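Below is one structure, written out as structure tokens, with a few remarks after it.
Each chain gets a letter, A, B and so on, in the order its sequence line appears, and its residues count up from 1. Here the structure is a predicted model, which means the values were calculated and not measured.
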2 protein chains.
Amino acid sequence: MTAAEPSGSPTMRDVADHAHVSPMTVSRTLRDDPSVTPEKRRRVLDAVAALGYRRNEMARNLRLGSSTGLLGVIIANIANPFYAQLALGIEAHADKRGMRVVFANSGENPERERQLVSDFAARRLDGIIAVPTANQHDHLDPAALSGTPVVLAASPPHRINVDAVLLDDFGGTYEATSMLIARGHHRIGFLGLPAATWTGSERYRGYAAALEAAGLRVEDRYVRRNQPDVAAAVASATAILDQPDPPTALFAANNRNTLGAYRAIRSRAETVALAGFDDLDVADLLDLPLIVVSYDARELGRVAAELVCEHIDNTAPGSSTRRIVIPTKVIDYQQCPS
Amino acid sequence: MTAAEPSGSPTMRDVADHAHVSPMTVSRTLRDDPSVTPEKRRRVLDAVAALGYRRNEMARNLRLGSSTGLLGVIIANIANPFYAQLALGIEAHADKRGMRVVFANSGENPERERQLVSDFAARRLDGIIAVPTANQHDHLDPAALSGTPVVLAASPPHRINVDAVLLDDFGGTYEATSMLIARGHHRIGFLGLPAATWTGSERYRGYAAALEAAGLRVEDRYVRRNQPDVAAAVASATAILDQPDPPTALFAANNRNTLGAYRAIRSRAETVALAGFDDLDVADLLDLPLIVVSYDARELGRVAAELVCEHIDNTAPGSSTRRIVIPTKVIDYQQCPS
DNA sequence: CGCGGTCGTGGTATCGATACCATCAGTCCG
DNA sequence: CGGACTGATGGTATCGATACCACGACCGCG
């Protein structure tokens, strides 16, 4: 070493000094500029290796004004397998575009979600895909995010102007509930999600509409709408089934509730039919008939990535707010014995 | 508007012009410097709101030379619930420290892992926690990453000097296999992971050691070690069980293999005992006795975050390579009927 | 009334990397 | 042999934000 190494990360100037060239030559070498002599190129690369130098992407991006090549994904609950599939779909498309994807977990906490979005925009990610936790979307408005494109997944925008990729929450729930009714169930319980969320209200709407279409009434005592985890779902299902004149079937509004309902039903003597939103990868292994509302979560992610990439490409994307709906498919695991 | 808005993201200078103050005053206002007159403060904040201005964190970090406050996590397979728990544990600790966590998925692709690590280091994240996919760890050496601290999870470092948080792969497998033997099984199949990975070789070692300790021999025809997904695990399990003189029990080296083995066993007439590494959240719902090697994945993440934070704090962390082992616990789901 | 001291504000240099232009050596051709 | 030209290299300004210093206004006190 010709001199004392600087304490912090080595910079391009350090490499230049070490290789006895100018910083410009270092920059060119690392940018694969062909106009660098093989001799100097070698010296630079040696110095880079000797110092463990690594170009500072943030400074580079600042100077170039170019995009960061990053797509940010804010998911509501990393422990939910649905989001894992969503993530894979997003990655599949981003890969083709040569973009990198980073994920952050809001933990279904609106304040955290707000901070994460703000942070992603401040770091100038090229685009953001968010699964909003609450119904307040002001913080997701690109106009308030220096124009960073935003696409919502699984929830439509509320008072802001962005694209969204949705599930057919209403239709899927309607169809599955109707199937229970067609099997002769007239008292059907509902394990739902908070009414303040889009999925929570849509799936409830689907449930209620199916009952109404069959001339049945929604009984509030059969409905619970706030189970944050499987244990709570078990408790709610048990409470519903412990009433006098209990339902003969349950509809669960997502995978957590389906698992909870399954556990509750399994531990009792009477048989209760079960249907639920979200497929389970072990659905066919359960020893109870189960109807699920299934959908291609990966496709949902892929489409969301496609939309956000279109916004990234078009400097003037127009003000068309697109809503794309991913279809759902009802699967009856009673019909297909493993 | 007093003038045409600039096309790109508004900058501090734009805000300054709009508010008729100098960029310095804008900077001070946004930094909550008390030496700004309320009057000008208001003008600045109004301009910020009017322009949708957002401070550029990258430029800010560059100037301040301060840390980014980001912890990067590179996980091997986002679809594996184990990693979701790991992520939650990391987040729990990072939250307490006021750090943000971003995740990236290597998809068990070593080249992708290399790119992601390089990218995280180039963007000057404060620290990296990685679950390495292969046994080649050169790209994870902090010396080659401008000194960015690295902690490995679930796999010890190979020829590099970093801390790691491990599972008791050997012990857990040994104990569970021994339990199968104690139940009278003398022919035990093994669904493993690639031998080139740490977990793959350790879990195989545990299996083999348990057999040997009981005076049994490892039969190669009972061993398959490369099932990348559940379907492949089903196929391998079926192949093992279809042989003449088949095993009466199987050990599966991770949750994918356990599920695959379960499916294979379930579709045949004879009963086959099953044990596996990784707990399943539906383990108690399966209609077959099941032994699992369980552990606190969240704790693993928490400890990894702790270690990497210590490195971030200590400017000279010493060269002690620590390895912390998270204990495993064997759970017998036959014993605790739901 | 003048002098030192605070307080609010703006100018300038800088973080690390690169675009642009200047420069200088070497080459080719009229 | 000289001038124009190509090609490698270095100097300078800049991206957006902020640390540091400088400056003018205002205050109180002798």
Sugar-phosphate or base contact per nucleotide [nucleotides 11-17 of chain D; S, B, -; heavy atom under 4.0 Å]: B--BBBB

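Counting only N and O atoms by type, the side chains of S66(B) and R60(B) include no donor and acceptor under 3.5 Å apart. Looking at N61(A) and T68(A), their side chains never bring a donor and an acceptor atom within 3.5 Å of each other. For S118(B) and R54(A), the side-chain atoms include at least one donor-acceptor pair closer than 3.5 Å. With 3.5 Å as the limit, one finds no donor-acceptor pair spanning the side chains of H139(B) and Q115(B).
Within a 6.0 Å radius of CZ in R322(A), more than 12 heavy atoms belonging to other residues, nucleotides or ligands are found.
Between I78(B) and N105(B), the shortest heavy-atom distance links the atoms N-OD1, 3.2 Å.
Comparing the start and finish of the helix from dC1(C)-dG30(D) to dG30(C)-dC1(D), five pairs each, the helix axis swings through 60°, to the nearest 10 degrees.
Here D33(B) pairs with nothing under the salt bridge (Lys or Arg N to Asp or Glu O under 4.0 Å) rule; sequence neighbours left out.
To the nearest angstrom, P of dC7(C) lies 12 Å from CG of D33(B).
Across all strands, V26(A) comes closer than 4.0 Å to no nucleic acid atom at all (heavy-atom distances).
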Check the pair R55(A) / E57(A) against salt bridge (Lys or Arg N to Asp or Glu O under 4.0 Å), numbers first and verdict last. CA-CA 6 Å; R55(A) 192 166 53 186; E57(A) 279 306 313; 3.8 Å; yes

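Phosphate proximity of dG10(D) to T25(A): present, with a side-chain N or O under 4.0 Å from OP1 or OP2.
The K40(B) side chain lies nearest to dT9(C) when the options are dT9(C), dT18(C), dG10(D).
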